[in-house]
Amino acid sequence: KFREEKIKELEERQLEGIIKPCKLVFLRNYIFRQNNPAVVGAEILEGHLKVGMKFMKKDGSLIGEVKSIQNEGKGVSEVEKGKQVAISLPSVAVGKQIIEDDVFISDISEGDFRKLKKMKKLLSIEEIGLLKEIVEIKRKDNELWGV
């Protein structure tokens, strides 16, 4: 039993450094700043949102990186599914690159995807489904992505 717990703990530590999948929606009427950086309201639909995550639209176009997250007026480094937060996105202009009700998906590197694929048993069903969605988007440009 002790051995199983240690193995699980080690596997979870390996997941810490890997970007997990996340899906969020840009909330309507929650634009706090238009650009430099854009600060908008977002709801996490699936996964966990972390500072430093890169995002893309469903068509595969890159949005940018989350510079900071605020939850209930306090800066946080990570939030889970179901939370509504304010996120800042440098180099993004509201109305040009992003519009209200846009859905964003985390842009996972091919290396992180392969690691997550090996540790699939540690991911939730939602995260596995989101990984499949990311693969579909990425394989539109590169058929062998993640293989």
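Numbers here are sequence positions counted from 1.
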Visitor: Report whether Y30 and V76 are members of the same hydrophobic cluster (ILVMFWY, side-chain heavy atoms less than 4.5 Å apart, transitive linking).
Guide: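 No, Y30 does not connect to V76 through the hydrophobic network.
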Visitor: Where do F32 and A86 come nearest, in terms of heavy atoms and distance?
Guide: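 The answer is CE1-CB, 4.0 Å.
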Visitor: Whether the side chain of K57 engages the backbone of Q97 through a donor-acceptor N/O pair (distance < 3.5 Å, no angle test) should be reported.
Guide: yes
Visitor: I'd like to check F55 versus L89 (side-chain heavy atoms, cut-off strictly below 4.5 Å). Are they in contact?
Guide: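 F55 vs L89: side chains apart.
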Visitor: Which heavy atom of E65 sits nearest to which heavy atom of P90, and what is that distance?
Guide: O-CD, 3.3 Å
Visitor: Check for a donor-acceptor pair, side chain of E43 on one end and backbone N or O of L27 on the other, with a separation under 3.5 Å.
Guide: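 A pair under 3.5 Å: no.
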Visitor: Holding to salt bridge (Lys or Arg N to Asp or Glu O under 4.0 Å), I want the full list of residues that pass it with D101, two or more places apart in sequence or in another chain.
Guide: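 So D101 forms a salt bridge (Lys or Arg N to Asp or Glu O under 4.0 Å) with R28.
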Visitor: Determine whether V85 and I31 fall in the same hydrophobic cluster, where Ile, Leu, Val, Met, Phe, Trp and Tyr are linked whenever their side-chain heavy atoms lie under 4.5 Å apart.
Guide: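 Same cluster: V85 reaches I31 through Ile, Leu, Val, Met, Phe, Trp or Tyr contacts under 4.5 Å.
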Visitor: Any side-chain heavy atom of K23 sitting closer than 4.5 Å to one from K58?
Guide: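 Of all side-chain heavy-atom pairs linking K58 with K23, at least one is under 4.5 Å.
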Visitor: Find the distance between CE (M56) and CG (L62) and round it off to the nearest 0.5 Å.
Guide: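 With rounding to 0.5 Å, CE (M56) is 7.5 Å from CG (L62).
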Visitor: Search all heavy atoms of I69 against all heavy atoms of V51 and return the closest pair with its distance.
Guide: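 The answer is CD1-N, 3.7 Å.
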Visitor: With clusters defined by side-chain heavy atoms of hydrophobic residues (ILVMFWY) lying less than 4.5 Å apart, directly or transitively, does I105 cluster with L123?
Guide: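 Result: yes, single cluster for both.
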Visitor: Mind checking the CD-CD1 spacing from E127 to I134? Nearest 0.5 Å is all I need.
Guide: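 One gets 10.0 Å once the value is rounded to the nearest 0.5 Å.
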Visitor: Could you state the interatomic distance from CD1 (I128) to CG (L116), rounded to the nearest 0.5 Å?
Guide: 10.0 Å
Visitor: Can you tell me if CG on L10 sees more than 12 non-hydrogen neighbours from other groups inside 6.0 Å?
Guide: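 Above 12, so yes.
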Visitor: Say you draw a straight line from NZ of K81 to CG of L49; how long is it, rounded to the nearest 0.5 Å?
Guide: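 So the gap between those two atoms works out to 14.5 Å.
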Visitor: Is it the case that atom CD in E72 sees more than 12 heavy atoms from other parts of the structure closer than 6.0 Å?
Guide: no
Visitor: Going from OG on S106 to CD on E133, what distance comes out if it is rounded to the nearest 0.5 angstrom?
Guide: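 Result: 10.0 Å between the selected atoms.
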Visitor: Keeping D141 on the side-chain end and K138 on the backbone end, is there a donor-acceptor pair under 3.5 Å?
Guide: no
Visitor: With clusters defined by side-chain heavy atoms of hydrophobic residues (ILVMFWY) lying less than 4.5 Å apart, directly or transitively, does V79 cluster with L45?
Guide: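 Hydrophobic grouping puts L45 apart from V79.
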Visitor: Just wondering, do W145 and V135 contact through their side chains at under 4.5 Å, heavy atoms?
Guide: yes
Visitor: Compare all side-chain heavy atoms of E9 with those of K6 and state whether any distance is below 4.5 angstrom.
Guide: yes
Visitor: Do the side chains of I87 and V39 get nearer than 4.5 Å, heavy atoms only?
Guide: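 SC-SC contact between V39 and I87 ruled out.
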Visitor: Less than 4.0 Å between a side-chain N and a carboxylate O, is that true for E110 and R114?
Guide: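 E110 and R114: salt-bridged.
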Visitor: Ion pair present between K140 and D59, side-chain N to carboxylate O less than 4.0 angstrom?
Guide: no
Visitor: With a 4.5 Å limit on heavy-atom distance, are the side chains of V40 and V92 in contact?
Guide: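 No; the side chains remain at least 4.5 Å from each other.
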Visitor: Measuring only between side-chain heavy atoms, which start at C-beta, is V66 closer than 4.5 Å to K50?
Guide: no
Visitor: With no hydrogens and no angle check, is any side-chain donor or acceptor of S88 less than 3.5 Å from a backbone partner on S68?
Guide: yes
Visitor: In this structure, would F113 and I137 fall into the same cluster of hydrophobic residues linked by side-chain contacts under 4.5 Å?
Guide: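 Yes, same cluster.
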Visitor: Let me confirm one number: the NZ-CD1 distance from K20 to I108, rounded to the nearest 0.5 Å.
Guide: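 One gets 10.5 Å once the value is rounded to the nearest 0.5 Å.
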